[in-house]
Amino acid sequence: EGQVSMYACGPTVYDYAHIGNLRTYIFEDILKRVLLFSGFKVKHVMKVTDVGHLQSDADEGEDKMELGVLREGKTAWEIADFYSKAFFSDFNALNCLPPDVTCKATDHISEMIELVKTLETKGFTYKTEDGIYFDTAKFPSYDRLAGKSHIEGLRSGARVEFSAEKRNPSDFALWKFSPKDKKRQMEWPSPWGTGFPGWHIECSAMAMKYLGETFDIHCGGIDHIAVHHTNEIAQSECATGKPYVNYWVHAEFLTTKDSEKMAKSSGEFLTVSLLGEKGYSPLDYRYLCLGAHYKTQIVFSWEALAFAQKSLSNLRDIIGPHLEKHSPATDTKNIRAQLARFADAATDDLNMPKALSILWETARDKTLAPEDILAFVRETDRVFGLDLMVPRKKERAALPPETMALITEREQARKAKNFARSDELRNELKKHGVAVKDVPGGTEWTIDK
RNA sequence: GGCGCGGUGGCCAAGUGGAAAGGCGGAAGUCUGCAAAACUUCUAUUGCGUGGGUUCGAUUCCCACCCGCGCCUCCA
(Lines give C-alpha, C1' and ligand atoms only; values in the text may rest on other atoms or scores of the structure.)
Protein backbone atom coordinates (compact mmCIF):
# COMPACT_ATOMS: atom_id res chain seq x y z
CA GLU A 1 0.00 0.00 0.00
CA GLY A 2 1.59 3.22 -1.18
CA GLN A 3 4.94 1.58 -1.42
CA VAL A 4 6.77 -0.06 -4.31
CA SER A 5 9.69 -2.42 -4.14
CA MET A 6 11.69 -2.39 -7.32
CA TYR A 7 14.72 -4.37 -8.45
CA ALA A 8 16.92 -3.69 -11.43
CA CYS A 9 19.67 -5.82 -12.86
CA GLY A 10 22.66 -3.53 -12.88
CA PRO A 11 25.80 -3.46 -14.94
CA THR A 12 28.40 -6.14 -15.42
CA VAL A 13 31.52 -4.19 -14.64
CA TYR A 14 34.28 -5.49 -16.85
CA ASP A 15 34.17 -2.58 -19.30
CA TYR A 16 32.50 0.78 -19.86
CA ALA A 17 28.73 0.89 -20.24
CA HIS A 18 27.55 1.61 -23.76
CA ILE A 19 24.64 3.89 -24.47
CA GLY A 20 22.42 0.91 -25.24
CA ASN A 21 22.95 -0.37 -21.71
CA LEU A 22 22.26 3.08 -20.42
CA ARG A 23 18.96 3.36 -22.23
CA THR A 24 17.63 0.68 -19.91
CA TYR A 25 18.76 2.58 -16.82
CA ILE A 26 17.13 5.73 -18.14
CA PHE A 27 13.92 3.76 -18.63
CA GLU A 28 14.14 2.38 -15.09
CA ASP A 29 14.77 5.87 -13.79
CA ILE A 30 11.67 7.15 -15.56
CA LEU A 31 9.65 4.30 -14.10
CA LYS A 32 10.90 5.15 -10.63
CA ARG A 33 10.28 8.87 -11.10
CA VAL A 34 6.74 8.30 -12.36
CA LEU A 35 6.04 6.17 -9.30
CA LEU A 36 7.42 8.90 -7.04
CA PHE A 37 5.46 11.54 -8.98
CA SER A 38 2.33 9.47 -8.43
CA GLY A 39 2.89 9.53 -4.70
CA PHE A 40 4.41 6.12 -4.07
CA LYS A 41 7.37 5.47 -1.87
CA VAL A 42 9.92 3.49 -3.82
CA LYS A 43 12.61 1.16 -2.61
CA HIS A 44 14.95 0.65 -5.53
CA VAL A 45 17.66 -1.99 -5.43
CA MET A 46 20.33 -2.35 -8.08
CA LYS A 47 22.81 -5.13 -8.41
CA VAL A 48 26.35 -4.78 -9.67
CA THR A 49 27.67 -7.94 -11.29
CA ASP A 50 31.31 -7.90 -10.36
CA VAL A 51 31.83 -11.62 -10.74
CA GLY A 52 32.97 -12.75 -14.13
CA HIS A 53 30.72 -15.10 -16.02
CA LEU A 54 31.39 -17.46 -18.83
CA GLN A 55 30.52 -16.79 -22.43
CA SER A 56 28.48 -19.96 -22.80
CA ASP A 57 28.17 -23.56 -21.71
CA ALA A 58 30.87 -24.53 -24.15
CA ASP A 59 33.44 -22.12 -22.80
CA GLU A 60 35.88 -23.04 -20.15
CA GLY A 61 38.08 -21.02 -17.88
CA GLU A 62 38.24 -17.50 -19.11
CA ASP A 63 35.31 -15.27 -18.45
CA LYS A 64 34.83 -11.62 -19.28
CA MET A 65 36.33 -10.38 -16.08
CA GLU A 66 39.40 -12.51 -16.59
CA LEU A 67 39.65 -11.26 -20.15
CA GLY A 68 39.67 -7.76 -18.73
CA VAL A 69 42.50 -8.82 -16.49
CA LEU A 70 44.51 -9.99 -19.46
CA ARG A 71 43.66 -6.84 -21.41
CA GLU A 72 44.52 -4.30 -18.77
CA GLY A 73 47.01 -5.99 -16.50
CA LYS A 74 45.00 -5.24 -13.38
CA THR A 75 43.44 -7.62 -10.90
CA ALA A 76 39.84 -8.65 -11.35
CA TRP A 77 38.97 -6.68 -8.23
CA GLU A 78 40.60 -3.54 -9.57
CA ILE A 79 38.79 -3.87 -12.86
CA ALA A 80 35.44 -4.34 -11.18
CA ASP A 81 36.05 -1.33 -8.97
CA PHE A 82 37.22 0.88 -11.82
CA TYR A 83 34.33 0.13 -14.17
CA SER A 84 31.82 0.24 -11.37
CA LYS A 85 32.87 3.82 -10.63
CA ALA A 86 32.79 4.62 -14.33
CA PHE A 87 29.28 3.25 -14.58
CA PHE A 88 27.92 5.32 -11.72
CA SER A 89 29.59 8.39 -13.13
CA ASP A 90 27.59 7.92 -16.36
CA PHE A 91 24.50 6.98 -14.38
CA ASN A 92 24.66 10.24 -12.42
CA ALA A 93 25.46 12.32 -15.48
CA LEU A 94 22.28 10.99 -17.07
CA ASN A 95 20.36 12.26 -14.04
CA CYS A 96 19.31 8.80 -12.93
CA LEU A 97 18.28 8.89 -9.30
CA PRO A 98 20.62 6.80 -7.15
CA PRO A 99 19.23 3.43 -6.06
CA ASP A 100 18.32 3.07 -2.41
CA VAL A 101 20.47 -0.03 -2.23
CA THR A 102 23.37 -0.82 -4.50
CA CYS A 103 24.69 -4.30 -3.90
CA LYS A 104 27.69 -6.11 -5.24
CA ALA A 105 27.55 -9.79 -6.09
CA THR A 106 30.90 -10.43 -4.41
CA ASP A 107 29.49 -9.18 -1.09
CA HIS A 108 26.67 -11.71 -1.14
CA ILE A 109 28.30 -15.02 -1.91
CA SER A 110 27.09 -16.57 1.33
CA GLU A 111 23.46 -15.63 0.59
CA MET A 112 23.79 -17.24 -2.83
CA ILE A 113 25.25 -20.41 -1.35
CA GLU A 114 22.38 -20.56 1.13
CA LEU A 115 19.86 -20.27 -1.68
CA VAL A 116 21.53 -23.06 -3.66
CA LYS A 117 21.56 -25.20 -0.51
CA THR A 118 17.82 -24.65 -0.11
CA LEU A 119 17.24 -25.70 -3.70
CA GLU A 120 19.45 -28.73 -3.20
CA THR A 121 17.53 -29.76 -0.07
CA LYS A 122 14.26 -29.45 -1.95
CA GLY A 123 15.58 -31.63 -4.76
CA PHE A 124 15.79 -29.17 -7.64
CA THR A 125 19.50 -29.53 -8.34
CA TYR A 126 21.98 -32.01 -9.75
CA LYS A 127 25.72 -32.07 -10.04
CA THR A 128 27.80 -32.33 -13.21
CA GLU A 129 31.50 -32.22 -13.94
CA ASP A 130 31.53 -28.42 -13.95
CA GLY A 131 28.92 -27.34 -11.49
CA ILE A 132 25.62 -27.57 -9.67
CA TYR A 133 22.69 -27.23 -12.05
CA PHE A 134 19.03 -26.40 -11.71
CA ASP A 135 16.66 -28.96 -13.21
CA THR A 136 14.13 -26.85 -15.07
CA ALA A 137 11.91 -29.86 -15.73
CA LYS A 138 11.02 -29.81 -12.04
CA PHE A 139 9.42 -26.38 -12.31
CA PRO A 140 6.23 -26.87 -14.33
CA SER A 141 5.63 -23.21 -15.08
CA TYR A 142 9.19 -22.61 -16.26
CA ASP A 143 7.97 -21.10 -19.53
CA ARG A 144 5.55 -18.69 -17.86
CA LEU A 145 7.42 -15.46 -18.63
CA ALA A 146 8.89 -16.18 -22.06
CA GLY A 147 6.03 -18.28 -23.38
CA LYS A 148 5.74 -21.96 -24.07
CA SER A 149 6.49 -21.76 -27.76
CA HIS A 150 9.64 -19.83 -27.10
CA ILE A 151 11.05 -22.30 -24.60
CA GLU A 152 10.22 -25.21 -26.86
CA GLY A 153 11.77 -23.36 -29.78
CA LEU A 154 14.87 -22.88 -27.70
CA ARG A 155 15.22 -26.59 -27.43
CA SER A 156 14.53 -27.47 -31.04
CA GLY A 157 15.96 -24.58 -32.98
CA ALA A 158 18.98 -23.46 -31.03
CA ARG A 159 22.19 -22.95 -32.90
CA VAL A 160 24.27 -23.56 -29.83
CA GLU A 161 25.30 -26.93 -28.61
CA PHE A 162 24.27 -27.71 -25.12
CA SER A 163 26.45 -29.37 -22.56
CA ALA A 164 25.90 -33.09 -22.84
CA GLU A 165 25.67 -33.50 -19.10
CA LYS A 166 22.68 -31.23 -18.77
CA ARG A 167 19.38 -32.99 -18.36
CA ASN A 168 17.47 -30.30 -20.23
CA PRO A 169 18.74 -27.66 -22.64
CA SER A 170 17.26 -24.93 -20.45
CA ASP A 171 18.97 -26.11 -17.26
CA PHE A 172 21.42 -23.60 -15.87
CA ALA A 173 24.31 -23.45 -13.42
CA LEU A 174 23.68 -22.34 -9.86
CA TRP A 175 27.31 -22.82 -8.88
CA LYS A 176 30.26 -23.31 -11.18
CA PHE A 177 33.45 -25.06 -10.18
CA SER A 178 36.78 -23.42 -10.81
CA PRO A 179 38.81 -25.18 -13.51
CA LYS A 180 40.92 -27.92 -11.99
CA ASP A 181 44.11 -26.86 -13.66
CA LYS A 182 44.09 -23.18 -12.78
CA LYS A 183 43.19 -20.75 -10.08
CA ARG A 184 40.67 -18.02 -10.72
CA GLN A 185 41.17 -14.59 -9.20
CA MET A 186 37.59 -14.63 -8.01
CA GLU A 187 36.60 -17.89 -6.40
CA TRP A 188 35.06 -18.96 -3.15
CA PRO A 189 34.75 -22.15 -1.12
CA SER A 190 31.35 -23.83 -1.08
CA PRO A 191 29.84 -27.11 0.13
CA TRP A 192 30.24 -28.43 -3.43
CA GLY A 193 33.75 -27.25 -4.13
CA THR A 194 35.65 -24.07 -4.87
CA GLY A 195 34.08 -21.99 -7.55
CA PHE A 196 31.81 -19.07 -8.19
CA PRO A 197 28.07 -18.44 -8.32
CA GLY A 198 25.93 -18.75 -11.42
CA TRP A 199 24.86 -15.43 -12.84
CA HIS A 200 21.13 -15.92 -12.25
CA ILE A 201 21.42 -16.85 -8.58
CA GLU A 202 23.07 -13.50 -7.86
CA CYS A 203 19.91 -11.58 -8.65
CA SER A 204 17.57 -13.88 -6.78
CA ALA A 205 19.70 -13.88 -3.65
CA MET A 206 20.15 -10.14 -3.48
CA ALA A 207 16.68 -9.13 -4.61
CA MET A 208 15.07 -11.31 -1.96
CA LYS A 209 17.53 -10.21 0.70
CA TYR A 210 16.65 -6.56 0.29
CA LEU A 211 13.06 -6.69 -0.96
CA GLY A 212 11.63 -9.89 0.47
CA GLU A 213 10.60 -13.15 -1.15
CA THR A 214 7.87 -11.45 -3.13
CA PHE A 215 8.34 -7.94 -4.43
CA ASP A 216 6.59 -5.60 -6.82
CA ILE A 217 8.62 -4.74 -9.89
CA HIS A 218 11.59 -6.33 -11.54
CA CYS A 219 12.97 -4.58 -14.59
CA GLY A 220 15.73 -4.98 -17.08
CA GLY A 221 16.48 -5.26 -20.75
CA ILE A 222 14.24 -7.23 -23.07
CA ASP A 223 17.03 -9.71 -23.72
CA HIS A 224 16.72 -10.99 -20.18
CA ILE A 225 13.19 -12.31 -20.54
CA ALA A 226 13.95 -15.66 -22.05
CA VAL A 227 16.89 -16.75 -19.95
CA HIS A 228 17.93 -14.63 -17.02
CA HIS A 229 14.56 -13.62 -15.66
CA THR A 230 12.97 -16.95 -16.51
CA ASN A 231 15.69 -18.63 -14.46
CA GLU A 232 15.33 -16.17 -11.62
CA ILE A 233 11.66 -17.01 -11.34
CA ALA A 234 12.35 -20.74 -11.41
CA GLN A 235 15.03 -20.79 -8.74
CA SER A 236 13.34 -18.24 -6.49
CA GLU A 237 9.88 -19.75 -6.53
CA CYS A 238 11.22 -23.26 -6.09
CA ALA A 239 13.23 -22.09 -3.10
CA THR A 240 10.45 -20.12 -1.37
CA GLY A 241 7.25 -21.62 -2.72
CA LYS A 242 5.96 -18.09 -3.15
CA PRO A 243 5.47 -15.78 -6.14
CA TYR A 244 8.74 -14.00 -6.85
CA VAL A 245 7.74 -10.84 -8.69
CA ASN A 246 4.39 -9.16 -9.31
CA TYR A 247 5.32 -7.13 -12.40
CA TRP A 248 8.07 -7.58 -14.97
CA VAL A 249 8.91 -4.52 -17.04
CA HIS A 250 11.42 -4.70 -19.87
CA ALA A 251 13.02 -2.05 -22.02
CA GLU A 252 13.60 -2.52 -25.74
CA PHE A 253 17.03 -2.20 -27.30
CA LEU A 254 18.77 0.70 -28.83
CA THR A 255 20.40 -0.35 -32.06
CA THR A 256 22.54 1.30 -34.66
CA LYS A 257 21.68 1.98 -38.26
CA ASP A 258 24.18 -0.35 -39.84
CA SER A 259 22.64 -3.11 -37.72
CA GLU A 260 25.96 -3.53 -35.99
CA LYS A 261 25.21 -5.22 -32.76
CA MET A 262 25.27 -2.88 -29.82
CA ALA A 263 27.35 -5.14 -27.65
CA LYS A 264 30.37 -4.77 -25.51
CA SER A 265 31.85 -7.92 -26.94
CA SER A 266 31.99 -6.33 -30.41
CA GLY A 267 34.92 -4.18 -29.33
CA GLU A 268 34.19 -0.57 -30.25
CA PHE A 269 31.06 0.80 -28.76
CA LEU A 270 29.33 4.04 -27.96
CA THR A 271 29.94 5.47 -24.54
CA VAL A 272 28.84 8.61 -22.76
CA SER A 273 32.35 9.98 -22.96
CA LEU A 274 32.43 9.42 -26.72
CA LEU A 275 29.21 11.40 -26.95
CA GLY A 276 30.90 14.12 -24.94
CA GLU A 277 33.86 14.21 -27.29
CA LYS A 278 31.46 14.87 -30.14
CA GLY A 279 29.83 17.74 -28.31
CA TYR A 280 26.75 16.03 -26.89
CA SER A 281 25.81 16.12 -23.25
CA PRO A 282 24.45 13.14 -21.34
CA LEU A 283 21.12 14.94 -21.11
CA ASP A 284 20.95 15.27 -24.89
CA TYR A 285 21.04 11.50 -24.92
CA ARG A 286 18.46 11.30 -22.16
CA TYR A 287 16.17 13.48 -24.25
CA LEU A 288 16.71 11.21 -27.22
CA CYS A 289 15.59 8.24 -25.15
CA LEU A 290 12.54 10.09 -23.86
CA GLY A 291 11.48 10.74 -27.43
CA ALA A 292 10.50 7.12 -27.98
CA HIS A 293 8.42 4.73 -25.94
CA TYR A 294 10.50 2.34 -23.87
CA LYS A 295 8.93 -0.65 -25.60
CA THR A 296 10.04 0.40 -29.07
CA GLN A 297 13.48 0.04 -30.49
CA ILE A 298 15.48 3.18 -30.99
CA VAL A 299 17.79 3.25 -33.93
CA PHE A 300 20.69 5.36 -32.82
CA SER A 301 22.38 7.76 -35.21
CA TRP A 302 24.41 10.88 -34.72
CA GLU A 303 21.75 12.68 -36.71
CA ALA A 304 19.08 11.54 -34.26
CA LEU A 305 21.23 12.72 -31.37
CA ALA A 306 21.74 16.07 -33.05
CA PHE A 307 17.94 16.44 -33.40
CA ALA A 308 17.55 15.65 -29.72
CA GLN A 309 20.19 18.18 -28.78
CA LYS A 310 18.52 20.84 -30.90
CA SER A 311 15.12 20.10 -29.42
CA LEU A 312 16.37 20.21 -25.86
CA SER A 313 18.23 23.42 -26.59
CA ASN A 314 15.10 25.01 -28.04
CA LEU A 315 13.14 23.94 -25.00
CA ARG A 316 15.67 25.63 -22.76
CA ASP A 317 15.49 28.74 -24.93
CA ILE A 318 11.79 28.94 -24.21
CA ILE A 319 12.10 28.32 -20.49
CA GLY A 320 15.35 30.19 -19.85
CA PRO A 321 14.03 33.75 -20.18
CA HIS A 322 11.18 32.97 -17.77
CA LEU A 323 13.66 31.60 -15.25
CA GLU A 324 15.64 34.80 -15.34
CA LYS A 325 12.65 37.00 -14.57
CA HIS A 326 10.18 34.91 -12.61
CA SER A 327 9.79 32.36 -9.88
CA PRO A 328 7.52 29.40 -10.39
CA ALA A 329 4.03 29.81 -8.97
CA THR A 330 3.52 28.01 -5.72
CA ASP A 331 -0.10 27.33 -6.58
CA THR A 332 -0.66 24.92 -9.45
CA LYS A 333 -4.35 25.64 -9.95
CA ASN A 334 -3.86 27.40 -13.30
CA ILE A 335 -2.05 24.41 -14.74
CA ARG A 336 -4.17 21.74 -13.13
CA ALA A 337 -5.64 20.59 -16.44
CA GLN A 338 -2.23 20.40 -18.09
CA LEU A 339 -0.75 18.54 -15.16
CA ALA A 340 -3.59 16.06 -15.31
CA ARG A 341 -2.90 15.45 -19.00
CA PHE A 342 0.76 15.01 -18.21
CA ALA A 343 0.00 12.55 -15.41
CA ASP A 344 -2.31 10.60 -17.72
CA ALA A 345 0.44 10.25 -20.29
CA ALA A 346 3.16 9.44 -17.77
CA THR A 347 1.08 6.79 -16.04
CA ASP A 348 -0.15 5.32 -19.32
CA ASP A 349 2.71 2.84 -19.49
CA LEU A 350 5.25 5.65 -19.23
CA ASN A 351 4.30 7.40 -22.44
CA MET A 352 7.15 9.90 -22.42
CA PRO A 353 6.78 11.03 -26.06
CA LYS A 354 3.25 12.10 -25.28
CA ALA A 355 4.30 13.65 -21.98
CA LEU A 356 6.95 15.63 -23.80
CA SER A 357 4.43 16.89 -26.32
CA ILE A 358 2.34 18.23 -23.43
CA LEU A 359 5.42 19.92 -22.03
CA TRP A 360 6.03 21.61 -25.38
CA GLU A 361 2.43 22.73 -25.68
CA THR A 362 2.46 24.13 -22.19
CA ALA A 363 5.81 25.84 -22.52
CA ARG A 364 4.54 27.59 -25.65
CA ASP A 365 1.10 28.40 -24.33
CA LYS A 366 0.70 32.17 -24.57
CA THR A 367 -2.37 32.17 -22.39
CA LEU A 368 -0.36 31.00 -19.40
CA ALA A 369 1.65 33.28 -17.12
CA PRO A 370 5.39 32.59 -17.02
CA GLU A 371 5.05 31.72 -13.34
CA ASP A 372 2.55 29.00 -14.19
CA ILE A 373 4.66 27.66 -17.02
CA LEU A 374 7.59 27.43 -14.65
CA ALA A 375 5.47 25.66 -12.08
CA PHE A 376 4.50 23.13 -14.74
CA VAL A 377 8.10 22.63 -15.78
CA ARG A 378 9.20 22.23 -12.17
CA GLU A 379 6.56 19.56 -11.52
CA THR A 380 7.07 17.61 -14.72
CA ASP A 381 10.84 17.76 -14.68
CA ARG A 382 10.68 15.66 -11.54
CA VAL A 383 9.83 12.95 -14.06
CA PHE A 384 11.79 14.04 -17.14
CA GLY A 385 14.95 14.71 -15.18
CA LEU A 386 16.30 17.09 -17.81
CA ASP A 387 17.44 19.84 -15.44
CA LEU A 388 15.03 22.24 -17.12
CA MET A 389 14.87 24.44 -14.02
CA VAL A 390 18.63 24.86 -13.91
CA PRO A 391 19.52 28.16 -15.59
CA ARG A 392 21.93 27.73 -18.44
CA LYS A 393 25.30 29.24 -18.04
CA LYS A 394 25.92 32.06 -20.46
CA GLU A 395 28.69 30.71 -22.53
CA ARG A 396 30.98 33.53 -23.34
CA ALA A 397 34.05 31.55 -24.08
CA ALA A 398 37.18 33.61 -24.30
CA LEU A 399 38.28 34.28 -27.86
CA PRO A 400 41.82 34.89 -29.07
CA PRO A 401 42.69 38.62 -29.12
CA GLU A 402 42.90 38.74 -32.91
CA THR A 403 39.38 37.33 -33.17
CA MET A 404 38.15 39.86 -30.62
CA ALA A 405 39.78 42.57 -32.73
CA LEU A 406 37.77 41.42 -35.75
CA ILE A 407 34.57 41.67 -33.74
CA THR A 408 35.44 45.18 -32.57
CA GLU A 409 36.35 46.24 -36.08
CA ARG A 410 33.07 44.92 -37.35
CA GLU A 411 31.12 46.84 -34.72
CA GLN A 412 32.88 50.01 -35.78
CA ALA A 413 32.19 49.34 -39.46
CA ARG A 414 28.53 48.86 -38.65
CA LYS A 415 28.38 52.10 -36.72
CA ALA A 416 29.88 53.84 -39.73
CA LYS A 417 27.27 52.05 -41.87
CA ASN A 418 30.04 50.46 -43.87
CA PHE A 419 28.00 47.29 -44.32
CA ALA A 420 30.12 45.85 -47.09
CA ARG A 421 33.05 45.78 -44.69
CA SER A 422 30.99 44.43 -41.79
CA ASP A 423 29.65 41.58 -43.91
CA GLU A 424 33.15 40.80 -45.02
CA LEU A 425 34.26 40.62 -41.41
CA ARG A 426 31.29 38.42 -40.54
CA ASN A 427 32.46 35.95 -43.16
CA GLU A 428 35.99 36.21 -41.88
CA LEU A 429 34.80 35.41 -38.35
CA LYS A 430 32.84 32.47 -39.66
CA LYS A 431 36.09 31.05 -40.96
CA HIS A 432 37.40 31.30 -37.41
CA GLY A 433 34.42 29.28 -36.28
CA VAL A 434 32.66 32.22 -34.69
CA ALA A 435 29.06 33.15 -35.47
CA VAL A 436 28.04 36.68 -34.63
CA LYS A 437 24.64 38.23 -34.24
CA ASP A 438 23.70 41.82 -33.67
CA VAL A 439 21.56 42.55 -30.68
CA PRO A 440 20.59 45.88 -29.19
CA GLY A 441 23.67 47.33 -27.57
CA GLY A 442 26.35 45.18 -29.14
CA THR A 443 27.38 41.90 -30.67
CA GLU A 444 26.84 38.42 -29.39
CA TRP A 445 28.89 35.52 -30.60
CA THR A 446 28.78 31.78 -30.38
CA ILE A 447 31.39 29.26 -31.29
CA ASP A 448 30.30 26.95 -34.07
CA LYS A 449 31.29 23.36 -33.83
C1' G B 1 15.92 -23.42 -38.34
C1' G B 2 12.72 -21.57 -33.84
C1' C B 3 10.36 -17.19 -31.43
C1' G B 4 8.93 -12.16 -31.53
C1' C B 5 8.52 -6.83 -32.86
C1' G B 6 7.70 -3.03 -36.22
C1' G B 7 6.37 -0.45 -41.08
C1' U B 8 2.44 6.83 -39.66
C1' G B 9 4.33 13.59 -43.45
C1' G B 10 11.47 15.15 -45.85
C1' C B 11 13.52 12.91 -40.81
C1' C B 12 12.28 11.22 -35.62
C1' A B 13 7.90 9.78 -33.13
C1' A B 14 2.78 9.43 -30.26
C1' G B 15 -2.08 7.77 -31.16
C1' U B 16 -7.17 6.13 -32.35
C1' G B 17 -13.22 1.95 -34.90
C1' G B 18 -15.93 7.94 -36.70
C1' A B 19 -11.80 12.17 -40.68
C1' A B 20 -3.80 11.87 -37.46
C1' A B 21 0.00 14.73 -30.59
C1' G B 22 4.79 16.70 -30.41
C1' G B 23 9.84 17.59 -32.06
C1' C B 24 13.47 18.38 -36.07
C1' G B 25 13.46 20.28 -40.87
C1' G B 26 10.94 23.42 -44.53
C1' A B 27 7.85 27.86 -46.30
C1' A B 28 5.81 32.79 -45.68
C1' G B 29 5.43 37.21 -42.75
C1' U B 30 7.09 40.78 -38.67
C1' C B 31 11.74 42.63 -37.00
C1' U B 32 16.90 43.75 -38.97
C1' G B 33 21.22 47.82 -43.36
C1' C B 34 21.44 42.47 -44.62
C1' A B 35 21.65 38.38 -41.61
C1' A B 36 21.09 35.78 -36.98
C1' A B 37 17.86 35.28 -32.93
C1' A B 38 12.95 35.97 -31.52
C1' C B 39 7.80 36.22 -32.64
C1' U B 40 3.28 35.01 -35.88
C1' U B 41 1.21 31.77 -39.44
C1' C B 42 1.45 27.53 -42.61
C1' U B 43 3.46 22.51 -43.47
C1' A B 44 -0.35 14.19 -43.67
C1' U B 45 -7.67 15.86 -45.49
C1' U B 46 -9.21 9.55 -52.23
C1' G B 47 -3.95 9.41 -46.56
C1' C B 48 -0.99 6.02 -41.75
C1' G B 49 3.89 -0.79 -46.15
C1' U B 50 0.71 -3.68 -50.25
C1' G B 51 -3.76 -6.51 -51.38
C1' G B 52 -8.16 -8.54 -49.58
C1' G B 53 -12.02 -9.14 -45.58
C1' U B 54 -15.35 -7.67 -41.25
C1' U B 55 -18.11 -2.91 -40.38
C1' C B 56 -22.78 2.22 -41.47
C1' G B 57 -17.58 3.59 -41.16
C1' A B 58 -10.54 1.08 -40.46
C1' U B 59 -4.81 3.98 -40.30
C1' U B 60 -6.97 1.48 -35.86
C1' C B 61 -9.96 -5.42 -35.91
C1' C B 62 -9.05 -10.22 -39.11
C1' C B 63 -6.26 -12.81 -43.19
C1' A B 64 -2.42 -12.96 -46.85
C1' C B 65 1.83 -10.83 -48.86
C1' C B 66 6.20 -7.47 -49.13
C1' C B 67 9.96 -4.93 -46.40
C1' G B 68 12.94 -3.69 -42.01
C1' C B 69 14.58 -5.15 -37.18
C1' G B 70 15.39 -7.97 -32.66
C1' C B 71 15.97 -12.40 -29.67
C1' C B 72 17.23 -17.67 -29.58
C1' U B 73 24.97 -17.69 -26.55
C1' C B 74 27.28 -13.72 -21.59
C1' C B 75 24.52 -9.54 -23.24
C1' A B 76 20.55 -3.75 -21.40
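Here is the naming used below: chain letters follow the sequence lines, and residue numbers restart at 1 for every chain.
The partner of B:C71 is B:G2, judged by Watson-Crick or G-U wobble contacts that both fall below 3.5 Å. The pairing partner recorded for B:U16 is none, the criterion being a Watson-Crick or G-U wobble arrangement whose two distances lie under 3.5 angstrom. With both pairing distances under 3.5 Å, B:G25 is matched to B:U43 as a Watson-Crick or G-U wobble pair. Nucleotide B:C31 forms a pair with no other nucleotide shown, judged by Watson-Crick or G-U wobble geometry with both contacts under 3.5 Å.
Between A:F37 and A:F384, a ring centre-to-centre spacing not shorter than 6.0 Å is recorded.
Taking the P atoms as reference points, B:U50 lies 34 Å from B:U41, given to the whole Å. B:C67 and B:G51 have their P atoms separated by 16 Å, with the value rounded to a whole Å. Using atom C1' as the reference point in both B:U59 and B:A20, the two lie 8 Å apart (nearest Å). Across B:G18 and B:C12, the matching P atoms stand 27 Å from one another, rounded to whole Å. Only the C1' atoms considered, B:C31 is 11 Å distant from B:U40, to the nearest whole Å. With both ends at atom P, the span from B:G10 to B:U43 equals 15 Å, rounded to whole Å. Atom P of B:G26 sits at a distance of 38 Å from the matching atom of B:C5, rounded to the whole Å. With both ends at atom P, the span from B:C62 to B:G7 equals 14 Å, rounded to whole Å.
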What one-letter contact string describes nucleotides 6-11 of chain B from 5' to 3', where B marks a base within less than 4.0 Å of any protein heavy atom, S marks contact via sugar-phosphate atoms alone, and - marks no contact? -----S
Heavy-atom protein contacts under 4.0 Å, nucleotides 28-39 of chain B, coded B base, S sugar-phosphate only, - none: -----BBBBS-S
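We find that CD of A:Q297 is positioned 7 Å from C1' of B:C5, with the value rounded to whole Å. As rounded to whole Å, 7 Å separates atom P of B:C72 from atom CG of A:D223. Between A:I319 atom CD1 and B:G23 atom C1' there is a gap of 14 Å when expressed in whole angstrom units.
Counting non-hydrogen atoms under 4.0 angstrom, A:H250 reaches nothing in the nucleic acid. As judged by a 4.0 angstrom heavy-atom cut-off over every strand, A:A292 is placed among residues touching the sugar-phosphate backbone only. Contact annotation for A:Y25: backbone-only contact, meaning every heavy-atom pair under 4.0 Å involves sugar-phosphate atoms and none involves a base.
Residues A:A304 and A:G220 both approach RNA chain B. Their nearest nucleotides, taken by heavy-atom distance, put A:A304 toward the 5′ side. Along RNA chain B, the nucleotide closest to A:I222 and the one closest to A:I298 are compared, and the more 5′ of them pairs with A:I298.
A:K415 pairs by the salt bridge (Lys or Arg N to Asp or Glu O under 4.0 Å) definition with nothing, not counting sequence neighbours. Partners of A:R426 according to the salt bridge (Lys or Arg N to Asp or Glu O under 4.0 Å) rule, which considers only residues two or more places apart in sequence or in another chain, are A:D423. In this view, A:H293 satisfies the side chain to side chain donor-acceptor pair (under 3.5 Å) rule with no residue, not counting sequence neighbours. For A:K310, the side chain to side chain contact (heavy atoms under 4.5 Å, CB included) partners at least two apart in sequence or on another chain are A:N314. Annotation: side chain to side chain contact (heavy atoms under 4.5 Å, CB included) contacts of A:D81 (sequence neighbours excluded): A:K85. A search for side chain to side chain contact (heavy atoms under 4.5 Å, CB included) contacts involving A:Y247 returns A:I217, not counting sequence neighbours. Annotation: side chain to side chain contact (heavy atoms under 4.5 Å, CB included) contacts of A:S236 (sequence neighbours excluded): A:S204, A:M208, A:Y244. Partners of A:E78 under the salt bridge (Lys or Arg N to Asp or Glu O under 4.0 Å) rule, at least two apart in sequence or in another chain, do not exist in this structure.
Judged by distance alone, the side chain of A:S141 and the main-chain N or O of A:R144 form no donor-acceptor pair under 3.5 Å.
Of all heavy-atom pairs spanning A:L386 and A:D381, the tightest one is N-OD1, 2.8 Å.
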Set out, line by line, the N/O atom pairs under 3.5 Å between protein and nucleotides 18-22 of chain B.
from  : atom 1 : to     : atom 2 : distance (Å)
B:A21 : O2'    : A:E361 : OE2    : 3.0
B:A21 : N3     : A:S357 : OG     : 3.2

Check the pair A:E424, A:R421 against salt bridge (charged side-chain N to carboxylate O under 4.0 Å, His left out), reporting the backbone distance first and the verdict last. CA-CA 5 Å; A:E424 200 179 302; A:R421 178 64 184 152; 2.7 Å; yes
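Applying the salt bridge (charged side-chain N to carboxylate O under 4.0 Å, His left out) definition to pairs two or more places apart or across chains, those involving residues 349-367 of chain A are A:K295-A:D349, A:R341-A:E361.
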